[in-house]
Amino acid sequence: MYTSLIQALGIINCTIVKRHGNNNFELLYGTNDWAYALLPHARDDTHFTIDDHSPYLQDFLIDAEHFWQIGNDGQIQSGIWSEKTASSLLRLEAIAAVTKGECFLVINNLEQQYARQQKTLQSARELLITNDKMLAEQEYLQERLETILRQADNLTALQAPLNKVIEHAEFGIIIADADMQIVQQNPRALALFELSEQQAPPSPLSITMRLFNEQCPSVERILSTHSEWRGELFWHMSEYVNKWLDLSLQAVVDAQGALVNWIFILNDVTRLKYLQQRNEQLGMYDIVTDLPNRHLLLQNTESAVSDQHPFYFLYLDIKWFKRVNDRYGHAVGDTLLIELVERIQPLLGDENLLARMGGDEFAILLHDTTSAKECDAFCQRLIQTVEQPFYTPDKQQLRVGLNIGVAHYPSDATDCEQLVRFADMAVYSAKRQLDSHAAFYSKSLKDITMKRIAMEEALRKAIKAREFELFLQPIIDMRSGGIVKAEALIRWRDKSNKLISPDEFIPIAELCGLIIPIGHWVIEQAGNMLKLLHSYNDQLTLSVNLSPKQLNDEHLLDAFTATINKTGIDASKVELEITEGVLIDNFERVERHIRQLRKLGIRISIDDFGTGYSSLRYLQRLSVDTVKIDRSFVHDLSDNENDKAIVLAVIAIAKSLGLEVIAEGVETKAQRHFLMDNACFIAQGYLFGRPVPVDDFCQLLSCE
Amino acid sequence: MIQKKICLLGASAVGKTSLIKQYIEGVFSDKYLTTLGVKVDKKQVQLGPREIQLMVWDIEGIDRYCGFQPKYLRGASAFIIVVDHTRSQSLQEGMEIFQLAQETTNIPAVLVINKTDLPEQWHWTEHEVETRSHMFADCFRTSAKTGEQVDAMFQAVARLCMAD
Ligand SMILES: Nc1nc2c(ncn2[C@@H]2O[C@H](COP(=O)(O)OP(=O)(O)OP(=O)(O)O)[C@@H](O)[C@H]2O)c(=O)[nH]1
Ligand SMILES: [Mg+2]
């Protein structure tokens with residue numbers, strides 16, 4: 001009965017076995033050779049056993065037995081396997097089934113499906129691997145190009161070997177100057193756009209820029225802030241020529257922070273997309289995370305706008321992701337993104353859409369939230385989730401943060417492009433915060449953002465025009481009243497001769513990376529200044545401040561070495577002030593840099609001591625020379641018992657570790673007395689002198 | 001005769017199938033034919049006076065199209081993580097698989113860096129490779145093409161199987 005039924009159904013190439021009890025089977029259907037090869041005992045006995053002839057089948061029988069014993073109707077599958085018999089190679093899959101209390105084992109011969117599936121998988125995998133290799137190569141080349149371009153004064157300095165690599169690269173490379181004029185392009189860049197060397201415009205660069213302008217709403221912001229970008233562009237040339245291009249855009253800035261070049265790296269990912277379409281769902285999904293990509297999101301946004309239902313557009317930017325990628329490689333970065341998406345997904349309702357915009361940027365269309373308050377609460381939940389630590393395969397902890405920019409349809413913008421641009425602007429302003437942050441678009445946010453972008457621009461010019469000055473504040477030994485040290489403090493005097501306080505521009509310089517060239521300038525100036533000061537008093541120490549970013553700067557040591565060599569100053573008369581904050585982040589790298597600096601003879605002091613998280617353990621490991629008691633504790637010394645206790649504790653810790661202690665912000669005689677009574681003799685503050693230009697400081701020294 | 005099961009795991013195209021083919025049949029093919037599912041081969045191994053039967057499970061490459069299936073490791077005495085030193089990503093993926101496997105079993109594992117007949121093309125430093133290989137019971141640099149270290153590697157794995 002079974003036989004005819006099965007034949008009638010057209011499923012012929014299978015073997016069906018009925019299970020009567022533990023390892024007691026009966027062959028119901030399947031008299032072909034392969035069935036006997038697989039179940040040799042079935043040939044001789046009606047009731048037979050299955051032994052270890054096929055290890056894979058035997059292993060599956062463990063699960064099957066369990067399933068049969070439970071006895072609920074249904075089936076489980078073994079997954080496909082290959083079995084070599086004397087005469088052939090079988091492609092099989094086993095199914096354990098229970099129907100109306102009866103147990104069956106079905107073995108399907110999947111030869112044809114196997115061949116078909118293998119063909120698809122074969123090409124998909126080959127492509128995936130080429131793509132992988134290309135990516136790795138591209139990343140590597142991009143890094144080298146960037147380093148070289150940053151250092152080179154002109155492109156003739158591009159070494160011959162690198163030129164060769166560019167010429168033969170398997171992806172399009174275009175290098176443009178700061179004015180977006182082509183400096184170099186390789187043959188592959190022309191080929192991508194079906195162009196040849198002799199042809200008149202358009203050039204690969206002009207086409208790329210057109211697509212970029214049309215398809216990336218944040219283009220203006222990216223170009224004006226010299227940000228990097230990675231994403232896909234669709235190029236429609238004719239009815240027959242359509243390509244998906246993967247663009248990675250990177251700005252190269254020189255040591256002064258000025259823009260030198262743009263590097264465009266282009267890949268044709270059309271085939272990959274096509275394969276994805278066949279293998280996965282659609283071409284509108286991101287490969288790494290399986291999320292909708294930017295194009296699909298923009299489509300959805302467009303249609304949401306045309307539906308005229310209010311919604312929020314959230315632009316998400318993963319903070320410090322680049323650091324993860326740089327340190328652990330893009331594979332770890334990708335895994336982090338995948339995990340991050342898995343964490344975010346459950347927070348979204350069915351109605352809302354999460355998409356990957358490219359790189360470390362995501363977006364959410366939030367439909368089911370009606371008030372800004374609710375939306376903000378949602379943002380906070382997102383931030384909390386993302387801030388939970390991640391782990392690498394070798395169990396290293398990684399942490400990233402999340403910036404969110406929010407724009408509302410229709411109150412902020414009524415068309416898709418503007419909405420996205422405003423959300424992008426909001427996220428850009430959120431990025432300016434040190435911690436994870438959600439920023440809602442508003443008119444004033446727009447104004448502030450524009451002002452910041454302008455400030456960055458002005459800072460860049462200021463670095464070029466050398467509009468900075470170092471002021472010096474005396475540090476006194478209160479016992480003798482003599483100046484023992486000076487702290488160099490930066491001021492910015494703009495074109496109109498207005499002094500801009502560091503509180504205003506340092507945070508911005510810090511965030512946009514301009515702090516690095518500023519730092520190098522400070523080091524150079526401080527060297528010259530110390531030389532001058534030593535002509536008055538050769539025992540004087542000059543201290544300069546270093547921000548966390550500067551301590552991470554790989555060229556910091558070179559800058560110091562160069563200055564010391566050039567000016568011939570005694571390195572032990574230079575002191576670096578670092579804030580406690582740098583100790584928390586990247587402790588190992590900071591420690592390494594500090595060790596190297598100390599090897600040069602430079603002294604290290606910890607600024608704002610007591611305000612942050614610095615623990616004794618850090619202090620001991622770092623071997624610093626000096627701690628400075630933060631002005632906030634000194635300020636309230638007279639009436640705040642807590643602060644008194646903290647100051648006493650800092651003094652005691654410093655003494656026990658053999659460190660020098662300096663009190664900052666001493667303004668009154670009472671403060672001076674308290675400090676001296678407790679054996680803290682070195683201090684600075686308005687009581688002794690404000691920061692003054694170097695000439696005035698020399699005046700002070702010559703009066704001593 | 002004692003039977004021992006071992007599994008080969010790794011990203012796709014790192015050479016799992018080729019290593020087994022070289023080990024069992026002594027042949028190699030340049031053509032890439034991706035594995036679907038699992039294939040089990042058997043091989044008699046002489047370990048001093050003892051002879052054991054190795055059951056070598058060749059498992060489909062773990063990548064975007066095929067996830068890691070812990071159940072394949074059931075009953076295994078050791079497993080091998082294969083990576084390809086012409087592809088940076090494969091080491092990363094190998095380490096991830098290794099971590100997943102360790103969540104289900106604590107049998108010994110061996111790291112195999114394959115394709116040594118080809119020039120190294122990954123941007124991992126010696127130190128980075130070293131620290132990773134320390135997490136394994138042993139590490140081999142093999143070529144399925146020339147056969148270099150292939151027998152030695154499987155022999156070592158067989159020995160590891162008997163240790164438990
Ligand atoms: N030159 C060289 N090529 C190798 C070596 N090992 C494998 N290959 C080649 O790499 C490709 C992939 O080899 P496979 O053995 O099929 O890889 P796999 O790990 O089994 O791949 P999947 O089954 O897809 O997971 C084939 O083209 C092999 O010829 C080697 O040691 N040297
Ligand atoms: Mg294979």
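Just so it is clear: chains get the letters A, B, ... in the order the sequence lines come, proteins before strands, and each one is counted from 1.
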* Contact leader toward chain A among B/Gln121, B/Glu93, B/Gln92, where contacts are heavy-atom pairs under 4.5 Å -> B/Gln92
* For chain A, which of B/Gln3, B/Lys5, B/Glu60, B/Met55 has the most heavy-atom pairs under 4.5 Å? -> B/Glu60
In terms of heavy-atom proximity below 4.5 Å to chain A, should [X] be classed as side chain, backbone, both, or neither?
X: B/Glu128; result: neither
X: B/Ser90; result: neither
X: B/Met95; result: both
X: B/Gln69; result: neither

* Around B/Lys42, counting heavy atoms of other residues, nucleotides and ligands shown, do more than 12 lie under 6.0 Å from its NZ? -> yes
* Residues, nucleotides or ligands: over 12 heavy atoms within 6.0 Å of B/Arg74 CZ -> yes
* Looking at B/Lys71 and A/Ser78, what are the two nearest heavy atoms and their distance? -> NZ-O, 3.5 Å
* Asked: What pair of heavy atoms forms the shortest contact from B/Thr34 to A/Gln122, and how long is it?
  -> N-OE1, 2.8 Å
* To do: State whether the side chain of A/Tyr114 and the backbone N or O of B/Leu36 hold a donor-acceptor pair below 3.5 Å, judged by distance alone.
  => yes
Please tabulate, one pair per line, all N/O donor-acceptor pairs under 3.5 Å involving side-chain atoms of residues 17-25 of chain B, not counting sequence neighbours.
| unit_1 | atom_1 | unit_2 | atom_2 | d |
| --- | --- | --- | --- | --- |
| B/Thr17 | OG1 | B/Thr35 | OG1 | 2.8 |
| B/Thr17 | OG1 | B/Asp58 | OD2 | 2.6 |
| B/Gln22 | NE2 | B/Ala144 | O | 2.7 |

* To do: Specify which of A/Asp59, A/Asp52, A/Thr335 makes the most heavy-atom pairs with chain B at under 4.5 Å.
  => A/Asp59
Side-chain donor-acceptor pairs under 3.5 Å in residues 97-104 of chain B, sequence neighbours left out?
| unit_1 | atom_1 | unit_2 | atom_2 | d |
| --- | --- | --- | --- | --- |
| B/Thr104 | OG1 | B/Ala101 | O | 2.9 |

* Structure fact -> Interatomic distance, CG@A/Asp334 vs CD@B/Gln89, rounded to 0.5 Å, equals 6.5 Å
